[in-house]
Number of protein chains: 2
Amino acid sequence: MLTIGKLGAQAGVKVPTIRYYEQIGLLPEAGRSAGNQRLYGRKALERLAFIRHARDLGFTLEAIRDLLSLSDNPEQPCVAADAIARAQLAEVERRLARLTALKAELERMVVQCAGGKIADCRVIEVLGDHSLCSTDHRHPESEAGP
Amino acid sequence: MLTIGKLGAQAGVKVPTIRYYEQIGLLPEAGRSAGNQRLYGRKALERLAFIRHARDLGFTLEAIRDLLSLSDNPEQPCVAADAIARAQLAEVERRLARLTALKAELERMVVQCAGGKIADCRVIEVLGDHSLCSTDHRHPESEAGP
DNA sequence: CCTTGAAGCTATAGTTGCTAGAGACATTAG
DNA sequence: CTAATGTCTCTAGCAACTATAGCTTCAAGG
């Protein structure tokens with residue numbers, strides 16, 4: 001039996017995250033020790049590894065919830081799981097396209113700044129006026145990072 | 001003079017988002033009409049377009065705040081703006097690499113679904129066991145999004 | 001001129017996927 | 001036995017918005 005700390009270490013998931021997953025129902029309520037500490041077995045470790053892995057691949061917790069409920073009924077056809085994965089793939093492809101355009105734009109911006117004054121600096125200019133952009137990166141999806 | 005709705009339409013930003021930007025100090029407080037409605041001029045439109053554009057390019061609001069403060073004092077050297085752009089470029093390149101790996105992984109998963117049972121489903125199987133992966137996509141950065 | 005409906009206002013709370021902190025109890029190494 | 005670490009619950013916070021409620025203001029049609 002694993003304490004929550006060992007479980008987290010084995011699965012590569014932080015302790016508060018595990019408690020969070022339990023709270024939102026992604027993990028079942030764990031059994032407790034005499035002193036009220038959570039104890040986990042191999043099944044919990046596998047489930048958590050599944051979640052961790054799917055998160056690594058960019059699946060949302062909602063999608064993971066669906067995938068888990070599918071894998072809990074293994075006699076059904078797997079079309080649904082396939083659809084979820086395909087949707088994820090499409091999303092990844094959209095992001096790739098957008099990031100590729102963005103990369104080109106940033107490279108252009110960086111190249112053109114040669115240490116002059118802001119007044120001559122295209123970084124600001126490019127961002128202020130879309131017509132100076134080489135690519136069209138106008139899309140409403142959120143893409144913000146760290 | 002533009003009302004907030006027109007401004008939003010012109011800049012491609014939703015109305016509540018504009019009010020949010022004002023609230024966090026990214027946009028200055030707008031002047032008001034007799035009936036207490038916000039009114040905007042061309043300067044505000046440009047500034048908002050700048051923000052929208054930078055968001056599209058993946059800049060965080062913090063980075064945008066810096067860029068705006070730079071462009072508000074155009075006599076400074078543009079080294080700082082260049083540094084911001086370079087940092088963004090590095091970040092974008094990291095994300096691109098990661099997404100490319102994810103895409104390969106997801107394609108592999110998706111290709112092999114032939115309408116069988118969940119029990120044999122490649123998607124679930126791959127998610128449950130990282131050793132079935134061809135690439136190492138284990139990185140802690142958050143990359144998810146709706 | 002008056003009404004109606006869209007657009008605006010404020011303020012608050014919700015979203016996603018965690019992360020951080022406080023203060024108390026449990027377990028374990030020396 | 002004590003000290004250090006681990007775990008407990010609970011609450012609040014992060015980015016960057018989005019949505020709701022309940023109001024006021026504005027523009028256009030009849």
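Proteins get letters first, then strands, A, B, ... in listed order; numbering begins at 1 in each.
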TODO: Would you kindly give the CG-to-C1' distance between B/Leu61 and D/dT18, to the nearest whole Å?
DONE: 14 Å
Open item on the list: So, taking the atom named CG in B/Leu26 and the one named CZ in B/Phe50, what distance separates them when rounded to the nearest 0.5 Å?
Closed with: 9.5 Å
- [ ] Starting at atom CD of A/Glu62, determine the distance to atom P of C/dC18, rounded to an integer number of angstrom.
- [x] 13 Å
Open item on the list: Going by the rule side-chain contact (heavy atoms from CB on, under 4.5 Å), which residues pair with A/Gln23 if we only count those two or more places apart in sequence or in a different chain?
Closed with: none
Task: Distance-minimising heavy-atom pair for A/Leu7 and A/Ile18 - done: CD2-CD1, 4.0 Å
Open item on the list: Could you measure the distance from the CG atom of A/Leu48 to the CG atom of A/Leu2? Nearest 0.5 Å is fine.
Closed with: 10.5 Å
Task: Spacing of B/Leu26 atom CG relative to D/dA16 atom C1', expressed in whole Å - done: 11 Å
Task: Pair A/Arg19 + A/Glu22: basic N to acidic O under 4.0 Å - done: no
Open item on the list: With a 6.0 Å cut-off (strictly less than), is the heavy-atom count around CZ of B/Arg32, excluding the residue itself, greater than 12?
Closed with: yes
Task: Rounded interatomic separation in angstrom, taking CG from A/Asp56 and C1' from C/dC18 - done: 14 Å
Open item on the list: I need the NZ-P distance between B/Lys6 and D/dC26, as an integer number of Å.
Closed with: 14 Å
TODO: Could you check how far CD of B/Glu29 sits from C1' of C/dC9, rounded to whole Å?
DONE: 14 Å
Open item on the list: Would you say A/Thr3 places a side-chain N or O within less than 4.0 Å of OP1 or OP2 belonging to D/dG6?
Closed with: no
Open item on the list: Below 4.0 angstrom, which residues in residues 32-51 of chain A have at least one non-hydrogen atom near DNA chain D?
Closed with: A/Arg32, A/Asn36, A/Gln37, A/Arg38
- [ ] Take B/Leu106 and A/Phe59 through the test side-chain contact (heavy atoms from CB on, under 4.5 Å) and record every step on the way to the result.
- [x] CA-CA 11 Å; B/Leu106 287 167; A/Phe59 289 86; 3.7 Å; yes
- [ ] Find the distance B/Ile4:CD1 to D/dT24:C1' and express it as a whole number of Å.
- [x] 15 Å
TODO: Would you jot down, in residue-number order, the residues of residues 13-25 of chain B having a non-hydrogen atom under 4.0 Å from DNA chain C?
DONE: B/Arg19
Open item on the list: Rounded to the nearest 0.5 Å, what separates atom CG in B/Leu99 from atom CZ in B/Arg94?
Closed with: 12.0 Å
Task: Nearest heavy-atom neighbours spanning A/Tyr21 and A/Ile51 - done: CE1-CG2, 3.7 Å
Task: Separation of atom CG in B/Leu2 from atom C1' in D/dC26, rounded to whole Å - done: 16 Å
